[in-house]
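First comes the structure, then the notes that go with it.
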Amino acid sequence: AVCSMPEIEVTPMSREEAEEQYGISDWGTWGCEVSNFEWEYSGTEQAYVLRGSVLVTPTGEWASCKPTEVNAGDFVVFPDGMTCTWDVTEAIEKHYNFV
């Protein structure tokens with residue numbers, strides 16, 4: 001099936017690039033240990049992953065969108081309203097910002 005919703009966008013970049021382009025050091029920070037949980041985005045989130053790894057699998061109306069692996073050094077955009085499962089395979093820490 002073709003995903004009719006926005007996909008998760010991943011752009012690998014250095015921390016310096018992310019700082020220069022987006023000012024990530026002014027953003028909030030969030031992290032968690034290895035875990036698996038459901039999540040729903042209430043807003044479009046930009047994030048820069050400082051460490052760790054997660055497989056984000058869209059669910060519900062978003063289930064036709066592709067599962068996306070996100071790793072340290074990735075700049076990610078999660079679409080507003082997306083429901084998904086987070087399978088954190090390596091403890092994760094990220095800067096995040098809602099736009």
Side-chain angles (χ1 to χ4, degrees):
V2 174
C3 180
S4 59
M5 312 295 251
E7 296 273 7
I8 298 167
E9 297 170 30
V10 178
T11 308
M13 67 175 66
S14 71
R15 192 170 181 166
E16 292 73 26
E17 285 176 299
E19 181 60 41
E20 196 172 289
Q21 288 186 43
Y22 301 100
I24 61 170
S25 60
D26 293 333
W27 295 1
T29 305
W30 178 89
C32 75
E33 297 304 312
V34 171
S35 54
N36 187 297
F37 56 90
E38 302 282 320
W39 191 252
E40 180 174 354
Y41 285 90
S42 55
T44 299
E45 181 185 314
Q46 295 176 327
Y48 183 75
V49 182
L50 300 167
R51 66 182 181 98
S53 188
V54 60
L55 179 65
V56 182
T57 303
T59 59
E61 291 179 17
W62 301 75
S64 60
C65 297
K66 65 181 185 298
T68 303
E69 189 170 323
V70 181
N71 300 295
D74 285 341
F75 181 83
V76 197
V77 180
F78 297 104
D80 181 22
M82 186 181 75
T83 53
C84 57
T85 301
W86 270 55
D87 183 11
V88 181
T89 53
E90 188 183 323
I92 201 160
E93 184 179 0
K94 65 176 183 170
H95 284 307
Y96 69 96
N97 183 48
F98 285 95
V99 292

side-chain hydrogen bond (donor to acceptor under 3.5 Å, both in side chains) between Thr83 and Thr59, intermediate numbers included: CA-CA 5 Å; Thr83 53; Thr59 59; 3.2 Å; yes

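- Phe37 and Phe78 fall within a single hydrophobic cluster, where Ile, Leu, Val, Met, Phe, Trp and Tyr are joined by side-chain heavy atoms under 4.5 Å apart, directly or via other members.
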Between Arg15 and Leu50, is a side-chain contact (heavy atoms from CB on, under 4.5 Å) present by the stated rule, with each step listed? CA-CA 8 Å; Arg15 192 170 181 166; Leu50 300 167; 3.5 Å; yes

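- Residues Ile24 and Met13 share a single hydrophobic cluster, defined by chaining ILVMFWY side chains whose heavy atoms lie under 4.5 Å apart.
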In a table with atom names and distances, give each donor-acceptor pair under 3.5 Å that connects a side chain of residues 90-99 to protein atoms at least two apart or in another chain.
residue: Glu93; atom: OE1; partner: Arg51; partner atom: NE; Å: 3.2
residue: Lys94; atom: NZ; partner: Glu45; partner atom: OE2; Å: 2.6
residue: His95; atom: ND1; partner: Thr29; partner atom: OG1; Å: 3.2

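- Test Val49, Asn71, Asp74 against Pro12 for side chain to side chain contact (heavy atoms under 4.5 Å, CB included) and you get one pass: Asp74.
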Could you go through the side-chain contact (heavy atoms from CB on, under 4.5 Å) check for Ile8 and Val76 one step at a time? CA-CA 7 Å; Ile8 298 167; Val76 197; 3.5 Å; yes

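- Going from atom OH of Tyr48 over to atom CD of Glu17 covers 8.0 Å, rounded to the nearest 0.5 Å.
- Pro79 and Pro6 make their closest contact through CG-O, 3.4 Å (heavy atoms, listed as atom of the first residue, atom of the second, distance).
- Aromatic ring centres of Trp30 and Trp39: separated by at least 6.0 Å.
- Shortest non-hydrogen contact noted between Ser64 and Ser4 is OG-N, 4.2 Å.
- Between the side chain of Thr68 and the main chain of Lys66, a donor-acceptor pair closer than 3.5 Å is present.
- The hydrophobic cluster containing Val54 also contains Trp62, counting ILVMFWY residues as joined when their side-chain heavy atoms lie under 4.5 angstrom apart, directly or transitively.
- For Phe75 and Tyr22, the ring centers are positioned less than 6.0 Å apart.
- In this structure a side-chain-to-backbone donor-acceptor pair under 3.5 Å is missing from Ser35 to Val88.
- The main-chain N or O of Cys84 is never found under 3.5 Å from a side-chain atom of Tyr41 such that the two would form a donor-acceptor pair.
- Closest approach of Pro67 to Leu55, counting heavy atoms only: CB-CD1, 4.2 Å.
- One finds the CE atom of Met5 at 4.5 Å from the CD atom of Glu61 (value rounded to the nearest 0.5 Å).
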